Amino acid sequence: MPDFDYDLFTIGAGSGGVRASRFAANFGARVAVAEDKYLGGTCVNVGCIPKKLLSYAAHYHEDFADAAGFGWHLETPKFDWATLIANKDREISRLNGIYERLLTGAGVTIMNGRATIVDPHTVQVGGKNVTARHILVAVGGWPVVPDIPGAEHAITSNEAFHMPTLPRRVAVGGGGYIAVEFASIFKGLGAQTSLLYRGERLIREFDADLGTTLAAEMSKKGVAIRFKTSIAAIEKAANGELMLTLSDGSKLTCDLVLNATGRAPNTRGLGLEQAGVALNEKGAIVVDKNYQTAVPSIHAIGDAINRLQLTPVALAEGMVVADRLFNTATRSMSYDFVPTAIFSHPNVGTVGLSEAQARQQHEVKIFRSTFKALKHTLSGNEERTMMKLVVDAKTDCVLGAHMVGPDAGEIIQGFAVALKCGATKAQFDATIGIHPTMAEEFVTMREPVAN
Ligand SMILES: Cc1cc2nc3c(=O)[nH]c(=O)nc-3n(C[C@H](O)[C@H](O)[C@H](O)COP(=O)(O)OP(=O)(O)OC[C@H]3O[C@@H](n4cnc5c(N)ncnc54)[C@H](O)[C@@H]3O)c2cc1C
């Protein structure tokens with residue numbers, strides 16, 4: 001048996017890489033991980049965590065307005081971007097420290113720098129070759145920047161977390177979850193916000209009612225949404241203003257453009273192809289059900305394999321790999337009923353099949369309710385909540401649960417357990433609601449609105 005420096009070398013200390021490295025080390029493996037930017041990866045540094053902190057900040061705008069109907073009279077609240085960003089940065093560095101301690105505490109060696117693959121058992125970091133029995137590629141994804149004139153004047157979500165000031169007028173390009181989240185953040189923090197999307201429905205990979213309800217609610221909150229419109233060119237004026245030419249020939253002036261038009265696996269220039277690892281047309285690493293690539297000693301997980309770009313999915317995949325290589329090899333990963341939330345204003349929560357997906361395979365019954373939450377009877381807020389269940393007409397199993405409304409992610413997380421267990425609509429009906437909540441509506445929808 002050849003002698004290697006490590007049993008496992010992980011490239012990328014993001015969600016998946018840290019979890020796999022830590023678990024492998026706990027199973028007794030000698031592990032090293034290379035990271036070229038920030039411990040914790042996208043989620044901790046420029047993704048889920050800072051995004052949700054900004055989303056909380058932005059929601060106060062509406063909360064202050066809602067408070068008036070309950071008798072609270074505040075002087076005009078003032079917002080300070082610099083305070084928010086400084087506090088957010090402090091929290092992120094605390095998390096970076098936690099990640100470092102988690103790794104070193106488990107006995108994992110951290111190597112700072114960009115790693116590339118030299119051969120199936122060799123990685124290069126900082127000009128030094130390191131050998132390993134197994135290599136795990138967990139390099140995540142990176143924003144795709146549209147190829148338009150003046151693209152260099154726009155930012156991506158990566159830079160949005162570090163802007164020195166909050167711009168007055170913002171144009172967000174895109175209609176996916178990152179686009180709607182940032183449009184909601186900017187609007188909530190007080191910027192005049194346009195959302196420009198070449199498609200006809202927001203968050204189009206999800207149930208159609210989610211996208212249409214979200215567009216209506218975001219519009220009510222003041223986001224100017226333009227469908228079938230994309231940014232064709234950006235010019236920067238001498239005074240710093242950005243002049244946009246849109247795909248329909250119209251013009252828009254703003255102070256910031258954020259492109260949120262997609263992300264791609266961060267797999268370029270890693271030496272993967274030379275080592276014999278196959279990539280698909282999107283640059284995603286091709287793996288089998290055990291996350292093994294075409295090269296038996298190289299595995300890959302997370303956004304780099306582009307299955308579901310979510311932190312909990314990358315974590316679960318990382319644990320499968322660690323278990324398979326260094327423990328009992330009994331852990332597996334199911335992609336069915338993976339719940340997810342979008343932290344737009346209002347929030348979106350979803351699990352299971354959309355109505356359209358369900359109709360392709362099943363006869364369905366659709367239950368839907370749209371209502372004004374109790375809180376808004378006094379707040380005067382016009383926001384409406386939408387809940388929807390997609391039910392298999394033959395088996396009565398609930399195939400999908402979808403919601404647009406406050407705390408949708410918190411609510412859907414609980415229902416995801418029920419769907420994963422194969423809950424039927426009759427069992428939903430037999431569950432006593434918690435009154436008065438919004439969530440009780442999920443167990444009190446009696447009449448289908450469509451078959
Ligand atoms: C704005 C935004 C918001 C998001 N919000 C959510 C959310 O609310 N919920 C959710 O579940 N998911 C969210 N995500 C997605 C989530 O962040 C990713 O799915 C998750 O981080 C993927 O984990 P990963 O381990 O595959 O990659 P990452 O976390 O991206 O980690 C990859 C790491 O590899 C490093 N790296 C890359 N190449 C090399 C190299 N050659 N050498 C050394 N190091 C390298 C990178 O610097 C990075 O630290 C969000 C993403 C974005 C961009």
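In this text the structure is predicted, and so the values were computed from the model without any measurement. Just follow the structure's listing: the first ligand is 1, and inside any ligand the first atom is 1.
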Looking only at protein heavy atoms, which one is nearest to atom 50 (C) of ligand 1, and how far off is it? Y177 OH, 3.1 Å
Quick test: of every protein heavy atom, which one is nearest to atom 26 (O) of ligand 1, and how far off is it to 0.1 Å? D303 N, 2.8 Å
Which residue owns the protein heavy atom closest to atom 34 (O) of ligand 1, what's the atom, and how far is it? G12 CA, 3.1 Å
Would the F428 and F442 ring centres measure less than 6.0 Å apart? no
Proximity of F206 and H402 rings by center, below 6.0 Å: no
Regarding atom 17 (O) of ligand 1: of the candidates G140, G271, G47, C43, which has the closest heavy atom? C43
Can you sort out which atoms of ligand 1 are near L270, meaning under 4.0 Å from one of its heavy atoms? 41 (N)
What part of F343, side chain, backbone, both or neither, has a heavy atom within less than 4.0 angstrom of ligand 1? side chain
Does A160 have a heavy atom less than 4.0 Å from any atom of ligand 1? no
For ligand 1, is there an N or O atom under 3.5 Å from any N or O atom of A314? no
Rounded to the nearest 0.5 angstrom, the CG-CD distance for L353 and Q361 is 5.5 Å
Can you sort out which atoms of ligand 1 are near K51, meaning under 4.0 Å from one of its heavy atoms? 3 (C), 4 (C), 5 (N), 6 (C), 7 (C), 8 (O)
Of all heavy-atom pairs between P346 and E383, which one has the smallest distance, and what is that distance? CB-OE1, 3.7 Å
Backbone, side chain, both or neither: what part of I11 comes under 4.0 angstrom of ligand 1, heavy atoms only? side chain
Would you mind checking if R19 and E317 are paired as a salt bridge, meaning a charged N to carboxylate O distance below 4.0 Å? no
Which heavy atom of the protein is the closest neighbour of atom 30 (O) of ligand 1, given with residue, atom name and distance? T42 OG1, 2.4 Å
Option whose closest heavy atom lies nearest to atom 23 (O) of ligand 1, chosen from A341, G40, S15: S15
Ligand 1 atoms in contact with Q309 (distance to a heavy atom under 4.0 Å): 15 (C), 19 (O)
Looking at G302, which atoms of ligand 1 are within less than 4.0 Å of one of its heavy atoms? 26 (O)
From A138, G41, A20 - option closest to atom 32 (C) of ligand 1 by heavy atom: A138
Give me the nearest non-hydrogen protein atom to atom 13 (C) of ligand 1 as residue plus atom name, then the distance to 0.1 Å. C48 SG, 3.2 Å
Top protein contact for atom 35 (C) of ligand 1, by heavy-atom distance: E35 OE1, 3.2 Å
As a check for students: among T340, N112, V18, T311, identify the option with a heavy atom nearest to atom 20 (C) of ligand 1. T311
Is the gap between the ring centers of F161 and F182 under 6.0 Å? yes
Taking only non-hydrogen atoms of L39, do any sit less than 4.0 angstrom from ligand 1? no
For E62 and N381, which I'm curious about, is there any donor-acceptor pair between the side chains at under 3.5 Å? yes
closest protein heavy atom to atom 37 (C) of ligand 1 is V139 O, 3.4 Å
K52, M111, R263, E317: member with heavy atom nearest to atom 53 (C) of ligand 1: R263
Determine yes or no for a side-chain-to-main-chain donor-acceptor pair under 3.5 angstrom, with D323 supplying the side chain and T328 the backbone. yes
Would H121 and F9 count as a close aromatic pair, with their ring centres under 6.0 Å? no
For A34, atoms of ligand 1 separated by under 4.0 Å from a heavy atom: 43 (C), 44 (N)
Any salt bridge linking E217 with K220? Criterion: basic side-chain nitrogen under 4.0 Å from a carboxylate oxygen. yes
Could you list which atoms of ligand 1 come closer than 4.0 Å to a heavy atom of G16? 25 (O)
At less than 4.0 angstrom from any non-hydrogen atom of N266, what atoms of ligand 1 do you find? 37 (C)
